[in-house]
Every structure is written in C-alpha cells, then in structure tokens.
Amino acid sequence: MYGKRLIVLLTSLMTISQVIAQETKRPPAIWGIAKMTFLVSDMDMAREYYGRFLGFDEAFSYPSTLGTVVSFKVNDRQFIEFIVDKQAKEKKRLVSVSLETESIAGMQQYLESQGIETSKVMIDGAGNETFIVRDTWGNNIEFIDLKKEGLHRKSKGYFLSERRISKRIHHVGLYAGKIDDKDPFWVGIMKCGEVLRYPLDKSEPGVIQYLNFAECTESIEHYSPGNENFSHPCFLVDDMQETIYTLKERRGEQKIGRPSIGKTKRWLLNMTTPDETKVEFTEPYCIK
C-alpha cells in the first residue's frame with residue numbers, strides 16, 4: 001500500500017513539474033525589430049517621402065506573393081519596406097512586422113506548442129528564412145532569420161545615407177482593440193514585459209502600453225482607442241529641434257507635424273504620409 005501511494009505521489013509531482021515547465025517555458029530569443037512592411041498606393045510617393053524627405057536609401061527589391069517588395073534601409077539590421085496596392089488608402093496598410101530570431105524552427109515549435117497557428121516556414125524572395133503568425137488583434141507578425149546570403153545581410157555597409165533622418169527604429173506601434181495587461185499573445189506567449197502603462201493605476205482602463213522583449217531594448221507600443229492604421233514605425237532621433245529644422249528645409253509639399261511631450265516625458269513628433277500612414281519620431285531621453 002505504501003509503495004502504491006509513493007508511486008501515485010511521484011507521478012503527481014512529475015505531472016505538476018511538467019505543467020510548471022510548460023508554463024515557464026520561454027520563446028527563443030528576439031534580437032530586435034528587423035523591418036516593417038506597408039502597402040503604399042504609389043511607389044513614387046514612397047520614394048519621395050521615405051527617400052528624398054526622410055533620407056533613407058532605397059537598397060533593393062524582391063518578389064513576394066503580394067507583389068514586388070521595395071526595401072529602404074534604416075541601418076544594417078532594420079528596414080522599411082513597401083508593396084504597391086492602388087487601394088492602399090482604403091485598406092489596413094500594415095502588411096507585417098518582422099522580428100529577428102536565430103531559431104526559426106525553435107520559434108515555430110514553441111508557438112505551436114502554445115496553440116498558435118503558424119504559416120509554413122519558407123525562404124522569402126530576399127533569401128531569408130521566415131514564417132508568419134497573427135497576434136491577438138490580427139496583426140501579421142513575421143519571425144525572420146536574416147541569412148548571410150540574403151539581400152538584407154548582403155547590403156551590410158551599403159545604402160546608409162548620411163541624409164537619413166534616423167539611424168534606428170526605436171519601437172513599433174501596433175494596432176490593438178484595447179489595452180490588455182494580460183494580452184494572450186504578447187504577454188502570455190511571447191513573455192513580453194511591461195515597460196510603461198498609462199494610467200499607472202491598473203484599476204483604470206489603459207490608454208498606452210509599451211512591451212519589451214527579454215533580449216533587446218526595442219518594444220511594441222499599444223494605444224487605445226484602437227485604429228487599425230495606428231501601426232507605425234517610431235524612429236529614434238538625438239535632437240528633435242534639429243530633426244524638425246532638417247525636415248523643414250526638405251519639406252517641399254510634405255507636411256510636418258507639431259512636436260509634443262508624450263506620456264514618457266520625451267519629445268515626440270507625429271506625421272502622416274500622403275497615404276495617411278503614421279510616422280513617429282522620439283528622442284531617447286526625458287526632457288529636462
């Protein structure tokens with residue numbers, strides 16, 4: 001009898017330990033935001049806005065199931081990419097956000113173990129290994145391993161214009177129907193930590209929330225009330241006043257937004273492209 005009880009006890013402990021291991025298992029490392037891809041109504045407009053006005057070099061293009069992807073380079077690991085769709089203004093313009101991981105197989109296995117449906121792993125038109133899932137609010141999240149033989153890695157050291165208004169994507173704003181402090185995908189599965197939530201009092205509905213990954217400093221921003229075209233890149237700049245003045249000198253027919261102080265107590269600048277896609281700029285430190 002004692003032996004049977006011991007076996008039952010050990011079996012129960014093993015089951016509990018397996019459950020705990022499953023709950024505490026973490027996804028493979030995310031090393032940063034690799035790129036954002038948007039629909040654009042006209043590629044000449046994209047070249048005018050992101051190329052001439054913001055100063056990013058057009059680096060290369062490659063095929064995709066949605067059409068030709070044209071890539072503008074922010075730095076050696078970050079890109080802004082565009083696919084022409086004449087009806088872009090009437091659609092959700094974000095195609096995908098790409099997060100860099102070095103273990104595509106490990107990430108896919110982890111996500112599927114958490115009940116997330118994933119696309120088939122593939123080599124994209126640029127030569128990188130990728131797959132796509134959808135987050136809680138239907139945004140396409142691409143996991144990507146930037147291969148050394150792929151176009152993105154091959155461009156290292158090239159297409160880095162001194163005219164570019166920023167040298168890094170600081171965070172990505174992503175559409176969310178509401179602020180969910182226990183977001184099933186980002187918090188529950190991706191194990192993102194909360195950098196900031198406003199209001200701080202969690203008994204009040206959230207207005208803004210920043211979530212970060214364990215291995216890097218780049219983050220996901222959610223904002224309420226939700227708008228499916230809220231999704232945007234936020235570019236890091238050292239000096240907002242100099243940024244504004246540079247854009248003023250280049251503006252031509254482009255419109256420049258008015259600077260504001262955000263909830264994080266940093267200078268922000270929000271603008272929109274002719275397609276009404278949001279573009280944001282932030283300083284790296286709080287105002288003094």
Side-chain angles (χ1 to χ4, degrees), residues 27 30 32-41 46 49-50 64 66 69 74 78-83 85 87-100 111 116-119 130-144 169-199 204-213 218-236 257 260 262-264 268-282:
I30 295 294
I33 298 160
K35 58 193 179 83
M36 294 188 80
T37 305
F38 292 92
L39 296 178
V40 65
S41 61
Y49 196 89
Y50 293 91
S64 79
L66 294 179
V69 180
V74 180
Q78 292 184 316
F79 302 79
I80 299 290
E81 300 190 331
F82 303 96
I83 300 169
D85 185 318
Q87 282 74 50
K89 288 183 180 180
E90 286 74 51
K91 294 183 177 182
K92 182 177 180 177
R93 289 180 284 281
L94 178 70
V95 175
S96 61
V97 171
S98 302
L99 303 176
E100 185 181 353
L111 290 172
I116 297 294
E117 183 178 350
T118 75
S119 71
T130 74
F131 73 91
I132 293 176
V133 303
R134 288 191 175 183
D135 71 2
T136 309
W137 303 104
N139 299 301
N140 287 329
I141 310 301
E142 180 182 62
F143 294 94
I144 188 166
I169 298 173
H170 179 270
H171 67 264
V172 296
L174 278 184
Y175 162 70
K178 65 177 182 178
I179 302 301
D180 186 350
D181 299 320
K182 297 181 180 179
D183 183 283
F185 181 78
W186 293 109
V187 177
I189 294 175
M190 293 306 297
K191 310 298 183 186
C192 288
E194 189 175 85
V195 179
L196 174 75
R197 180 199 192 271
Y198 183 84
E204 299 180 40
V207 174
I208 192 167
Q209 180 187 52
Y210 291 88
L211 300 170
N212 79 311
F213 303 99
E218 289 159 4
S219 56
I220 301 295
E221 176 193 30
H222 288 154
Y223 185 83
S224 183
N227 176 330
E228 70 173 6
N229 280 311
F230 167 80
S231 300
H232 64 274
C234 181
F235 295 107
L236 188 67
S260 62
K263 298 291 191 299
T264 57
L268 299 176
L269 179 67
N270 283 288
M271 305 193 304
T272 57
T273 73
D275 272 348
E276 299 181 1
T277 298
K278 182 176 175 178
V279 178
E280 185 177 40
F281 303 88
T282 185

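Counting begins at 1 with the first residue of the sequence. Worth knowing before you read on, the calculation uses all heavy atoms, side chains too, and leaves out hydrogens, waters and symmetry mates.
The closest donor-acceptor contact from the side chain of Gln209 to the backbone of Ile179 lies at 3.5 Å or more, if one exists at all. Side-chain atoms of Asp135 never come within 3.5 Å of backbone atoms of Ile141 as a donor-acceptor pair (strictly under, hydrogens ignored). Between the side chain of Ser41 and the backbone N or O of Lys89, no donor-acceptor pair lies under 3.5 Å. Judged purely by atom type and a 3.5 angstrom limit, Ser96 has no side-chain atom pairing as donor or acceptor with the backbone of Thr37. The backbone N or O of Pro199 sits nowhere less than 3.5 Å from a side-chain atom of Glu204 that would complete a donor-acceptor pair. A donor-acceptor contact shorter than 3.5 Å links the side chain of Arg93 to the backbone of Asp275.
Across all non-hydrogen atoms, the minimal contact from Leu66 to Val95 is CD1-CG1, 3.8 Å. The two atoms that bring Val133 and Glu117 nearest to each other are CG1-O, 3.8 Å, heavy atoms only. Considering every non-hydrogen atom in both Lys278 and Thr272, the closest pair reads CA-CG2, 4.3 Å. Closest approach of Arg197 to Pro205, counting heavy atoms only: NH2-C, 3.7 Å. Of all non-hydrogen atoms in Gly32 and Glu218, the two that sit nearest each other are CA-OE1, 3.3 Å. The two residues His170 and Leu236 have their closest heavy-atom pair at CD2-CD1, 3.7 Å.
In this structure the side chain of Leu111 reaches within 4.5 angstrom of the side chain of Met190, judged on heavy atoms. In this structure, Ile169 and Ile80 have side chains that are in contact, with non-hydrogen atoms separated by less than 4.5 Å. Phe213 has its side chain out of reach of Pro27: every pair of non-hydrogen atoms, C-beta onward, lies at least 4.5 Å apart. With a 4.5 Å cut-off on side-chain heavy atoms, Leu94 and Tyr175 do not count as touching.
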Determine, step by step, whether Leu211 and Glu194 satisfy the side-chain contact (heavy atoms from CB on, under 4.5 Å) criterion, reporting the C-alpha distance in whole Å, the side-chain angles of both residues, the deciding distance to 0.1 Å, and the verdict. CA-CA 5 Å; Leu211 300 170; Glu194 189 175 85; 4.3 Å; yes
Given Asp85 and Lys91, is the salt bridge (charged side-chain N to carboxylate O under 4.0 Å, His left out) satisfied, shown in steps? CA-CA 9 Å; Asp85 185 318; Lys91 294 183 177 182; 2.7 Å; yes
When you look at Thr264 and Tyr210, which way does the side-chain contact (heavy atoms from CB on, under 4.5 Å) test go after all the steps? CA-CA 10 Å; Thr264 57; Tyr210 291 88; 3.9 Å; yes
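Ring-plane geometry between Phe281 and Phe235 is classed as tilted, the angle between the planes lying from 30 to 60 degrees on a 0 to 90 degree scale. Using the six-membered ring where Trp is involved, Tyr50 and Phe82 have ring planes that are tilted, between 30° and 60° apart.
For Phe131 and Phe143, the gap between ring centers is short of 6.0 Å.
By the salt bridge (charged side-chain N to carboxylate O under 4.0 Å, His left out) test, Glu221 is found to be paired with no residue, residues two or more places apart in sequence or in another chain being considered. Checked against side chain to side chain contact (heavy atoms under 4.5 Å, CB included), Thr136 has the following partners two or more places apart in sequence or in another chain: Asp183, Pro184, Phe185.
Comment: Lys35 engages Glu142 in a salt bridge, judged by a side-chain N to carboxylate O separation of less than 4.0 angstrom.
Other residues, nucleotides and ligands place more than 12 heavy atoms under 6.0 Å from the CZ atom of Phe230.
Distance check, rounded to the nearest 0.5 Å: CD1 of Ile83 to OG of Ser64 gives 4.0 Å.
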